[in-house]
Amino acid sequence: MRVVAVRQANLRQSAAASAEIRAIWREVAALPRGSVSTYGGIAARAGLPRRARLTGHALKVAPKSLALPWHRVVAAGGRIAFPRGSAAHREQCRRLRAEGVEVIRGRVRLPKAQDLDALLWGSAR
DNA sequence: GTTGTGACATTAT
DNA sequence: CATAATGCCACAA
């Protein structure tokens, strides 16, 4: 029985896991230009509630060839997930601003209406 | 198989 | 604003 459990875990690691990862990639790729969403929000929309961390992981392992708009994904409250001053942090700010998103002290303005709307209903206005 | 870490979130101090 | 406690879970050591 332990053996079975372990085997299941191993299986999940290789094949199945990427299905969830792919679901997340899909959601991220669907983010409209100039909008932002959160890790938890993306996970939820991908059908993976409470798996914000997985979103982070998915982005980390995402192949560059996908050219995902990772910069449109921020932490809860609009915070940039990277430490202030880090290269990644600056890069994300830069990209966001280039899309017209206001970034203030490592925090993006999540227009309330748009915020909750986007999180609960997707960007579909 | 256990442990520590992490592009997280939420709630409570 | 900062910390801590929980929850969640993939991954590497």
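Proteins get letters first, then strands, A, B, ... in listed order; numbering begins at 1 in each.
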I need the [atom1]-[atom2] distance between [X] and [N], as an integer number of Å.
| X | N | atom1 | atom2 | value |
| --- | --- | --- | --- | --- |
| A/Leu48 | C/dG7 | CG | C1' | 15 Å |
| A/Lys60 | B/dT5 | NZ | P | 14 Å |
| A/Arg51 | C/dT6 | CZ | P | 22 Å |
| A/Arg22 | C/dA10 | CZ | C1' | 16 Å |
| A/Tyr39 | B/dT10 | OH | C1' | 17 Å |
| A/Trp70 | B/dC8 | CH2 | C1' | 17 Å |
| A/Ile104 | C/dC1 | CD1 | P | 12 Å |
| A/Leu59 | B/dG6 | CG | C1' | 13 Å |

Proximal nucleotide (of B/dC8, B/dA9, C/dA10) relative to the A/Ala81 side chain
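When the side chain of A/Ala81 is considered, B/dC8 is the closest of B/dC8, B/dA9, C/dA10.
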Could you check which of B/dT10, B/dC8, C/dA10 has an atom nearest any side-chain atom of A/Ala76?
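Nearest to the side-chain atoms of A/Ala76, counting from C-beta on, is B/dT10.
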Earlier contact from the 5' end, DNA chain C, for A/Arg105 and A/Val61:
A/Arg105
Please tell me if the side chains of [X] and [Y] come closer than 4.5 Å, counting only heavy atoms from C-beta onward.
| X | Y | value |
| --- | --- | --- |
| A/Ile42 | A/Leu31 | yes |
| A/Ser37 | A/Glu27 | no |
| A/Leu54 | A/Leu48 | yes |

Where the side chain of A/Arg97 meets the backbone of A/Val103, is there a donor-acceptor pair that is under 3.5 Å apart?
yes
Are any side-chain N or O atoms of A/Ser86 and backbone N or O atoms of A/His89, one a donor and one an acceptor, separated by less than 3.5 Å?
yes
Phosphate OP1/OP2 of B/dA7: any A/His57 side-chain N/O under 4.0 Å
no
Within the structure, does a side-chain N or O atom of A/Arg107 lie under 4.0 Å from either OP1 or OP2 of C/dC1?
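Checking A/Arg107 against C/dC1: at least one side-chain N or O falls below 4.0 Å of OP1 or OP2.
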C1' atoms of C/dC8 and B/dG4, separation to the nearest Å
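After rounding to an integer number of Å, I get 15 Å for this pair.
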Do A/Arg50 side-chain and C/dC8 base share a donor-acceptor contact under 3.5 Å?
no
Between the base of C/dG7 and the side chain of A/Arg53, is there any donor-acceptor pair under 3.5 Å?
yes
